[in-house]
Amino acid sequence: MEQYPHPLVATIEIEKFQGSDGKNEDEEEKYLDVISNKNIKLSERVLIPVKQYPKFNFVGKLLGPRGNSLKRLQEETGAKMSILGKGSMRDKAKEEELRKSGEAKYAHLSDELHVLIEVFAPPGEAYSRMSHALEEIKKFLVPVSIFHFLQISYSSVPIKNVPLIFIHFLEKKFMLQIIYL
C-alpha cells in the first residue's frame, strides 16, 4: 500500500476516489450525442508495412506526383491525412536532427511510419468518412508487382497476338522480355 507523508494527503485522496464513484477521470464513460449533431474529432493511426516490404516506396505511392494522390484522397474521403513517423521526411539527416531535438511537434519521428487520418464532422458523418478513408488508404498499402498487374490486365483481353512484356531486374541490370499471346 502506498504511504502518504501526511494523513491529510491520504484523506484528500480517499475523498477524490469516493467522489468519482471509484472511477478515474480517464475511465469516465463518454456518450455520443447524435441528436445535437455536434462535430466530433476522430483520429486513427494506420501503420505502413515497411518492415514487410522494405524496398517498396510507400511514401511515394501515397503522395503521388506533386502530392496529388494524397490530396485527391483527402478530397474524396473528407478526411485529413498526414504521413508521419520515421522515414516520413525526404532528408534523413534533418529528420534525425529534429527527432533528437525533443520538440513535441517532432515526437512522431520516433514512431513507426504511419498515416494519421483525422475527421471532424457530426458523429454519423465522421464515422462514415473514417470508414471510407480506411478502405481507400488500404489500397495504397498493398504493393503490386508489375507481373501481377500485367497478368491481370492481359488475362481479360481476348485478343490474340497481344504482347506481354516482362521486365526482370537483376543486380542493377534489367532484361526486357516480350511474349506474344
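Note that the coordinates shown come from a computational prediction; the quantities given were computed from them, not determined experimentally.
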Identify, with sequence neighbours excluded, every residue that meets salt bridge (charged side-chain N to carboxylate O under 4.0 Å, His left out) alongside Glu96.
Arg99, Lys100
Which residues pass the side-chain hydrogen bond (donor to acceptor under 3.5 Å, both in side chains) test with Asn57, not counting sequence neighbours?
none
Run the salt bridge (charged side-chain N to carboxylate O under 4.0 Å, His left out) test against Lys38 and tell me which residues pass, sequence neighbours left out.
none
Inter-residue atom distance Leu32.CG - Ile40.CD1, 0.5 Å rounding:
5.0 Å
Please report the C-alpha distance between Leu73 and Phe140 in whole Å, then the side-chain angles of each, then the deciding distance to 0.1 Å, and finally whether the side chain to side chain contact (heavy atoms under 4.5 Å, CB included) criterion is met.
CA-CA 10 Å; Leu73 196 57; Phe140 287 85; 3.8 Å; yes
Among Ile, Leu, Val, Met, Phe, Trp and Tyr joined by side-chain contacts under 4.5 Å, find the other residues sharing a cluster with Tyr106 and list them by chain and number.
Met89, Leu98, Leu109
Begin from the C-alpha positions of Val115 and Leu70 and carry the test side chain to side chain contact (heavy atoms under 4.5 Å, CB included) through to its verdict.
CA-CA 11 Å; Val115 179; Leu70 194 61; 5.6 Å; no
Looking only at heavy atoms, the pair that brings Asn37 and Pro123 closest together is OD1-CD, 4.3 Å
All side-chain hydrogen bond (donor to acceptor under 3.5 Å, both in side chains) counterparts of Glu136, not counting sequence neighbours:
Lys139
May I ask whether Phe120 and Met81 are part of the same hydrophobic cluster, defined by side-chain heavy atoms of I, L, V, M, F, W, Y residues being less than 4.5 angstrom apart, directly or through others?
no
How would you list, by chain and number, every residue that makes a salt bridge (charged side-chain N to carboxylate O under 4.0 Å, His left out) with Asp111, sequence neighbours excluded?
Arg45
Separation between CD1 of Ile137 and CD1 of Ile117, rounded to the nearest 0.5 Å:
5.0 Å
Check residues 126-135 and write down every donor-acceptor pair under 3.5 Å in which the side-chain atom is one partner and the other belongs to a residue at least two apart or another chain.
{"from": "Arg129", "atom 1": "NE", "to": "Glu125", "atom 2": "OE2", "distance (Å)": "3.0"}
{"from": "Arg129", "atom 1": "NH1", "to": "Gly78", "atom 2": "O", "distance (Å)": "3.4"}

Salt bridge (charged side-chain N to carboxylate O under 4.0 Å, His left out) partners of Lys41, counting only residues at least two apart:
Glu118
Side chain to side chain donor-acceptor pair (under 3.5 Å) pairs, two or more places apart, involving residues 68-81:
Arg72-Glu76
Value for CG (Leu47) from CG (Leu141), rounded to nearest 0.5 Å, stands at 8.5 Å
Pairwise side chain to side chain donor-acceptor pair (under 3.5 Å) hits with a residue in residues 83-95, at least two apart
none
ring-ring contact (aromatic ring centres under 6.0 Å, His included) with Phe58: which residues, sequence neighbours excluded?
Phe56
Can you list everything that forms a side-chain hydrogen bond (donor to acceptor under 3.5 Å, both in side chains) with Asn39? Sequence neighbours excluded, please.
none
